[in-house]
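Contents: one structure, followed by commentary.
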There are 2 protein chains.
Amino acid sequence: MKSTSALDVLSALAHPTRLDAFRRLVRSEPDGLSTGQLVDASGLTQSTFSSHLAILVGAGLVLPEKRGRQMIQRANIEVLRDLMLFLAKDCCEGRAELCEPLVAELSHCC
Amino acid sequence: MKSTSALDVLSALAHPTRLDAFRRLVRSEPDGLSTGQLVDASGLTQSTFSSHLAILVGAGLVLPEKRGRQMIQRANIEVLRDLMLFLAKDCCEGRAELCEPLVAELSHCC
DNA sequence: TTCATACATCGGCAATTATCGATGGATTGA
DNA sequence: TCAATCCATCGATAATTGCCGATGTATGAA
């Protein structure tokens with residue numbers, strides 16, 4: 001993952017509405033949620049949320065699928081994984097021992 | 001890690017200058033770098049970079065230490081780890097199998 | 001003490017972002 | 001066909017962010 005792409009993903013997640021929507025989508029995998037359901041959960045207007053959603057989609061964090069007249073949104077876990085690898089790599093390349101406790105905690109978190 | 005704190009960390013990292021500075025500090029662990037060295041590397045003015053640095057410090061990502069008349073900045077890996085755990089938890093709580101490939105890749109990255 | 005260095009903070013300005021209501025295109029059902 | 005639903009896009013406005021130069025504070029050197 002390139003630094004510019006990581007920045008896009010970080011920026012996309014660095015907003016309460018978008019972080020909340022993304023987490024909601026992760027939890028609703030693999031079914032996803034319609035845009036309307038996400039709008040309702042956000043408490044914002046439809047247009048405002050739509051622009052936030054476009055940012056998540058633009059960063060690759062969310063993959064929309066057409067279903068009838070509504071759009072089903074699904075979280076793209078791979079992009080999240082890429083972001084975490086990008087951040088972890090900084091530790092590893094600098095000093096591997098910095099990364100070990102990180103991986104250790106991640107391993108037993110699941 | 002609370003959602004608000006995660007947002008602070010994400011916002012702090014979601015800027016090219018700040019992401020670059022943080023990565024630079026991770027790579028220079030455990031010695032750290034002086035503020036002046038970071039300013040030079042950023043290419044920005046001293047005051048502009050100082051405000052960026054304040055955001056990193058505010059998010060807990062950077063820990064400043066006084067040394068004579070200069071400040072030594074050090075990366076705080078724990079906060080990065082907390083952020084990654086926060087993000088990973090979303091996958092785990094929703095569906096553990098989403099998290100497995102993530103941890104697998106992280107494990108052999110170091 | 002006096003001057004120079006290292007860094008933080010202040011004030012102002014330009015650019016970006018977040019929000020809304022309104023409009024428009026596509027799809028479904030009557 | 002016609003009306004309703006779902007969602008994206010447009011245009012405007014208020015708030016936030018990023019940047020700079022100037023000023024302020026603390027430390028170290030002469």
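Basis for what follows: all heavy atoms, side chains included, without hydrogens, waters or symmetry-related copies. Chain A is the first sequence line, chain B the second, and so forth, proteins listed ahead of strands; every chain is numbered from 1.
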Completion exercise
First and last nt of DNA chain D near chain A, cut-off under 4.0 Å to heavy atoms, 5' to 3', are D:dA4 to D:dT9

Problem - Atom pair distance, as rounded to whole Å: CZ in B:F49 and P in C:dA8 - result: 9 Å

Practice task
Take the protein atom CD of B:E65 and the nucleotide atom P of C:dA8, then report the distance between them rounded to whole Å.
Solution key: 14 Å

Exercise for the section: Flag the pair A:M71 / A:R67 as yes when at least one side-chain heavy-atom distance between them is below 4.5 Å, and no otherwise. Expected result: no

Exercise for the section: Please examine the side chains of A:V9 and A:V79, heavy atoms only from C-beta on, and report whether any two atoms are closer than 4.5 Å. Expected result: yes

Practice task
Using a 4.5 Å cut-off on heavy atoms from C-beta on, say whether the side chain of B:L53 contacts that of B:V62.
Solution key: yes

Handout entry: Closest non-hydrogen atom pair, B:A14 against A:L7
Key = C-CD2, 3.8 Å

Handout entry: Value in whole Å for how far the P atom of C:dT19 lies from CG of A:L53
Key = 14 Å

Problem - Listed once per pair and sorted, the ring pair (Phe, Tyr, Trp, His ring centres under 6.0 Å) pairs that draw on residues 56-82 of chain A, sequence neighbours left out - result: none

Practice task
Verify the contact: side-chain N or O of A:H15 to OP1 or OP2 of C:dT19, cut-off strictly under 4.0 Å; return yes or no.
Solution key: yes

Completion exercise
Paired with B:L33, the side-chain contact (heavy atoms from CB on, under 4.5 Å) test is passed by just one of B:I72, B:L38, B:D40, namely B:L38

Exercise for the section: Report which part of the nucleic acid A:S34 touches: base, sugar-phosphate, or nothing (heavy-atom distance under 4.0 Å, all strands). Expected result: sugar-phosphate

Exercise for the section: Could you state the atom-to-atom distance from CD of B:Q37 to C1' of C:dT5 in whole Å? Expected result: 15 Å

Practice task
Mind calculating the distance between CG (B:L33) and P (C:dA6) to the nearest angstrom?
Solution key: 15 Å

Handout entry: Side-chain heavy atoms of A:F22 within contact of A:L80, under 4.5 Å
Key = yes

Practice task
Could you tell me the separation between the CG atom of B:L56 and the C1' atom of C:dC7, rounded to a whole number of Å?
Solution key: 16 Å

Practice task
If a pair satisfies side chain to side chain donor-acceptor pair (under 3.5 Å) and one of its residues is in residues 69-81 of chain B, list it, with sequence neighbours excluded.
Solution key: A:E105-B:R81, B:E29-B:R74, B:T35-B:Q73

Exercise for the section: Find the distance B:Q70:CD to C:dT5:P and express it as a whole number of Å. Expected result: 13 Å

I'd like a table of atom pairs between the protein and nucleotides 21-28 of chain C - only N or O on both sides, under 3.5 Å - with the distance next to each one.
{"residue": "C:dG21", "atom": "N7", "partner": "A:S47", "partner atom": "OG", "Å": "3.4"}
{"residue": "C:dG21", "atom": "O6", "partner": "A:S47", "partner atom": "OG", "Å": "3.0"}

Problem - Sub-4.5 Å side-chain heavy-atom contact between B:L10 and B:L83 - result: yes

Exercise for the section: Give every residue pair that meets the side chain to side chain donor-acceptor pair (under 3.5 Å) criterion with at least one member in residues 49-66 of chain B, sequence neighbours excluded. Expected result: B:R18-B:H52

Handout entry: Identified stems (criterion: three or more consecutive Watson-Crick or G-U pairs, under 3.5 Å), DNA chain D
Key = C:1-30 with D:1-30

Practice task
Keeping the roles fixed (side chain from A:T48, backbone from A:L44), state whether a donor-acceptor pair exists under 3.5 Å.
Solution key: no

